[in-house]
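Since the structure comes first, as structure tokens, the remarks are kept for the end.
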Amino acid sequence: MLRGIRNASSNWLGKAIMTIVMGLLIVAFGIWGIADIFHGFGQSLLATVGSTEISTEQFRQIYTDRLQQIARQFGRALPPDQVRALGLDRQILQQVIAEAALDEDARRKGLAVSDKEISRQIMTDPNFKGAHDAFDPARFAGLIRQLGYTEQRYVAEQRHTTLRRQIAGTVTAGVEPSTKLLEALNRFQNEQRTIDYVKLGAAQAGSIDPPTADQLSSYFNAHKVQFRAPEYRKIALVMLTPEEVAKWTAVSDDDTRKVYEERKNKLSTPERRQLRQIMFPNITDAQAAREKITSGASFDDIAKERGLAASDIDLGTIPRSEIVDPAIANAGFAMKTDEISQPIQGKFGVALIKVGRIEPGNQPTYESVAEKLKHDVAVERARSEINNLHNKMEDERGGGATVIEAAKKLGLTAVTIEAVDRSGRAPDGKPVTGLPQGVDLIAQAFASDVGVDNETLQLGNNGFVWFDLLGVTPSRDRTLDEVKDKVEAGWRDDQISGRLLTKATDMVRKLDQGGKLADEAAGLGLKVESASAIKRDATTTELPAAVVAAAFRVVKGGAGQAPGAGHEEWIVFRVTDVTVPPLNLASDEMKKLREGIQRSLSDEYVGQYIVKLEGEIGTTINQAAVAQIIGASNF
């Protein structure tokens with residue numbers, strides 16, 4: 001639409017018409033007010049809870065702040081349609097109304113909290129502590145600024161929060177889960193079962209003849225949705241990242257050699273040596289030990305005499321830079337393998353050291369690292385160009401250029417994806433390559449339409465993506481000829497699955513009538529397997545989740561069946577043992593479970609209290625104003 005307006009106003013007649021239209025709109029807004037479409041409420045009022053009023057600007061600020069907090073958790077901003085799809089808009093509104101109800105309740109009850117108490121809470125908040133575990137005013141100011149608060153607003157919010165907690169604490173005082181509830185949950189969560197089972201496969205389904213034309217047609221007609229061609233979208237995109245810009249950023253050999261010289265030490269691999277060290281209190285003792293070694297004693301013998309284990313004397317295989325004592329480092333890296341030093345006066349005493357394995361260092365040549373260095377330099381230079389190119393791209397787009405036109409003018413590479421479905425696959429069923437990472441371009445494209453100016457997508461702190469939707473291929477029913485192979489495969493899977501289900505059901509009936517699983521397995525040429533200590537939430541490689549769930553629907557000694565890992569597998573089992581561990585309220589697991597249940601019960605109590613409170617004091621909401629703020633056509 002915006003591009004259409006730009007194009008319409010590109011000549012003198014269009015500009016004149018647009019000037020008149022915009023002038024009339026401005027006059028209309030000046031007379032009637034922009035918000036006059038919302039009847040029944042004041043222009044700036046979004047909701048009333050008792051005598052507490054929530055203005056549209058107040059809710060807008062809260063709504064924006066909380067979406068920003070959510071964006072920090074997700075690592076990216078969520079578009080309005082995704083916010084609504086997740087129900088976050090309703091949750092935020094419900095939370096704001098609930099908070100207002102508690103604030104109104106506090107006011108009616110005459111509750112208050114002193115400035116001194118609020119100050120104490122802020123001063124003792126660990127989030128605002130700096131060095132020496134003391135309150136840091138600068139840290140406090142910085143953190144609340146990041147969250148979008150002024151100091152006055154943060155203090156006011158803390159006052160409200162404290163009073164809400166007092167009310168909630170009173171409502172939930174004494175809430176405790178009963179022992180019966182804990183016992184039931186312990187049984188549900190920790191009950192363990194052992195089963196014997198057999199796996200039925202395609203061999204047990206018997207020979208399956210190819211389908212007739214009528215059978216294939218009938219199966220296809222019954223499962224048309226399964227074989228339906230999805231909607232495809234054609235997308236043009238430009239991805240602007242340091243890596244992309246670096247591809248066409250030339251770096252000279254002179255610049256690269258300078259970087260090589262600057263980074264030579266970082267590029268090299270230092271020599272590493274295996275060193276062992278024995279410490280002595282003085283030169284005399286160290287010299288006496290050195291003479292014993294000269295007379296035939298080993299380095300390990302001296303260590304044992306001094307009561308040292310092998311781990312006590314081993315410094316490891318390390319580079320010179322990791323040795324704290326310069327005297328030890330100099331001596332250790334001047335000797336040969338298996339050589340033992342003379343007594344060395346170091347920072348922490350006198351030492352004898354022995355050199356073991358030596359791993360030579362490596363200094364790569366310029367030629368061996370030139371290409372990588374050129375790439376690294378190009379990427380570094382590209383980072384400084386990103387914002388400049390972003391601004392130019394935005395200017396081109398603002399002037400009505402398409403993504404492809406803007407990219408061509410700026411020398412950027414535009415990519416056209418001819419067809420992609422919602423799952424990111426092409427018509428051949430293979431994943432589309434070249435999609436940007438870190439942003440859901442496919443979801444954005446399927447939420448757009450041809451000719452729409454789409455928002456620029458940001459790749460974290462690493463770049464931007466622009467896209468245009470060029471075309472839409474609607475979903476359609478495929479013909480049988482197009483998907484005949486897939487239909488035949490689906491029909492065969494269906495036949496196998498149906499036969500295995502029939503056979504498994506018959507086996508379970510025989511087991512329930514007193515038959516033995518081993519006999520049934522032997523008759524089919526199968527072996528009986530066992531699985532023990534299975535819990536309800538078990539995820540094992542040997543048993544699919546459907547089998548685990550079915551095993552917990554059967555009493556001890558009972559039999560059951562469930563689908564296996566695919567169409568060609570079905571599992572028949574018998575529960576041979578059921579174990580319920582005793583309730584141990586002192587265990588860490590039960591303590592966590594108890595705390596979790598207590599929180600859930602407390603939340604439920606507070607929720608019920610708020611619902612009753614809202615009904616008693618009266619709550620009205622300007623739905624149209626809410627819809628305007630959250631960007632929805634209705635709410």
Side-chain angles (χ1 to χ4, degrees), residues 66 69-75 78 86-88 90-92 94-95 98-99 101-102 117 120-129 133 143 147 157-158 160-195 530-556 562 575-613:
R66 296 193 182 170
Q69 293 169 11
I70 293 169
R72 284 191 287 270
Q73 294 173 350
F74 275 83
L78 298 179
L86 294 171
L88 297 177
R90 290 171 177 79
Q91 292 178 31
I92 294 173
Q94 289 168 2
Q95 186 177 1
E99 290 171 353
L102 290 174
E117 173 59 20
R120 185 197 66 78
Q121 290 179 12
I122 294 174
M123 297 284 286
T124 57
D125 190 329
N127 293 306
F128 303 139
K129 290 185 177 180
D133 201 35
L143 283 177
L147 294 173
E157 183 62 28
Q158 287 301 104
H160 286 306
T161 300
T162 300
L163 292 175
R164 294 168 196 155
R165 287 175 180 168
Q166 287 180 2
I167 295 172
T170 302
V171 171
T172 60
V175 173
E176 284 286 340
S178 67
T179 303
K180 288 292 183 183
L181 176 58
L182 292 174
E183 287 175 348
L185 290 170
N186 177 59
R187 181 183 183 96
F188 183 86
Q189 184 169 303
N190 296 318
E191 179 182 325
Q192 297 179 356
R193 298 198 167 200
T194 300
I195 66 170
S530 296
S532 59
I534 305 169
K535 287 188 175 183
R536 290 179 192 273
D537 59 351
T539 52
T540 66
T541 55
E542 57 187 41
L543 292 176
V547 177
V548 174
F552 277 86
R553 292 195 294 266
V554 178
V555 298
K556 181 178 179 180
V575 177
T576 59
D577 190 33
V578 175
T579 304
V580 181
L583 179 65
N584 180 8
L585 295 175
S587 69
D588 290 339
E589 182 182 15
M590 290 310 300
K591 286 179 181 177
K592 290 179 182 178
L593 180 62
R594 186 188 195 114
E595 290 171 1
I597 296 170
Q598 192 169 14
R599 281 195 300 271
S600 297
L601 290 173
S602 296
D603 290 345
E604 180 67 21
Y605 276 43
V606 173
Q608 291 179 9
Y609 181 78
I610 290 173
V611 169
K612 183 174 182 296
L613 189 61

Are [X] and [Y] close enough that some pair of their side-chain heavy atoms sits under 4.5 Å apart?
{"X": "Leu102", "Y": "Glu99", "value": "no"}
{"X": "Thr194", "Y": "Val575", "value": "no"}
{"X": "Leu593", "Y": "Leu185", "value": "yes"}
{"X": "Thr172", "Y": "Tyr609", "value": "no"}
{"X": "Leu181", "Y": "Ile597", "value": "yes"}

To the nearest 0.5 Å, what is the distance between [atom1] ([X]) and [atom2] ([Y])?
{"X": "Thr124", "Y": "Gln121", "atom1": "OG1", "atom2": "CD", "answer": "7.0 Å"}
{"X": "Gln166", "Y": "Thr161", "atom1": "CD", "atom2": "OG1", "answer": "11.5 Å"}
{"X": "Leu163", "Y": "Gln158", "atom1": "CG", "atom2": "CD", "answer": "11.0 Å"}
{"X": "Ile610", "Y": "Tyr605", "atom1": "CD1", "atom2": "OH", "answer": "15.5 Å"}
{"X": "Ile167", "Y": "Thr170", "atom1": "CD1", "atom2": "OG1", "answer": "7.5 Å"}

Please give me the minimum heavy-atom distance between [X] and [Y], naming the atom from each residue.
{"X": "Arg594", "Y": "Pro177", "result": "CG-CG, 3.8 Å"}
{"X": "Gln192", "Y": "Ala533", "result": "OE1-CB, 3.7 Å"}
{"X": "Asn186", "Y": "Pro581", "result": "ND2-O, 3.1 Å"}
{"X": "Ala546", "Y": "Ala562", "result": "O-CB, 3.7 Å"}
{"X": "Gln189", "Y": "Glu589", "result": "NE2-OE2, 3.2 Å"}
{"X": "Val606", "Y": "Ala168", "result": "CG2-CB, 3.9 Å"}

Residues, nucleotides or ligands: over 12 heavy atoms within 6.0 Å of Phe552 CZ: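 Check passes, neighbour count above 12.
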Heavy atoms of other groups near Arg120 CZ, more than 12 under 6.0 Å: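 More than 12 within 6.0 Å, yes.
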Does [X] pair with [Y] as a salt bridge, N-O distance under 4.0 Å?
{"X": "Arg193", "Y": "Asp577", "value": "no"}
{"X": "Lys592", "Y": "Glu595", "value": "no"}
{"X": "Arg164", "Y": "Glu157", "value": "yes"}

Side chain Gln598, main chain Val175, donor-acceptor under 3.5 Å: yes
Backbone N/O of Met590 and side chain of Ser587: donor-acceptor pair under 3.5 Å: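 Between the backbone of Met590 and the side chain of Ser587 there is a qualifying donor-acceptor contact (under 3.5 Å).
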Donor on one side chain, acceptor on other, Glu117 and Thr162, under 3.5 Å: no
Steps toward side-chain contact (heavy atoms from CB on, under 4.5 Å) verdict (Glu191, Lys535): CA-CA 6 Å; Glu191 179 182 325; Lys535 287 188 175 183; over 6 Å; no
Test log, rule side-chain contact (heavy atoms from CB on, under 4.5 Å), inputs Thr576 and Ile195: CA-CA 5 Å; Thr576 59; Ile195 66 170; 5.7 Å; no
side-chain contact (heavy atoms from CB on, under 4.5 Å) between Leu182 and Leu585, worked out: CA-CA 9 Å; Leu182 292 174; Leu585 295 175; 3.7 Å; yes
Steps toward side-chain contact (heavy atoms from CB on, under 4.5 Å) verdict (Gln91, Leu86): CA-CA 9 Å; Gln91 292 178 31; Leu86 294 171; over 6 Å; no
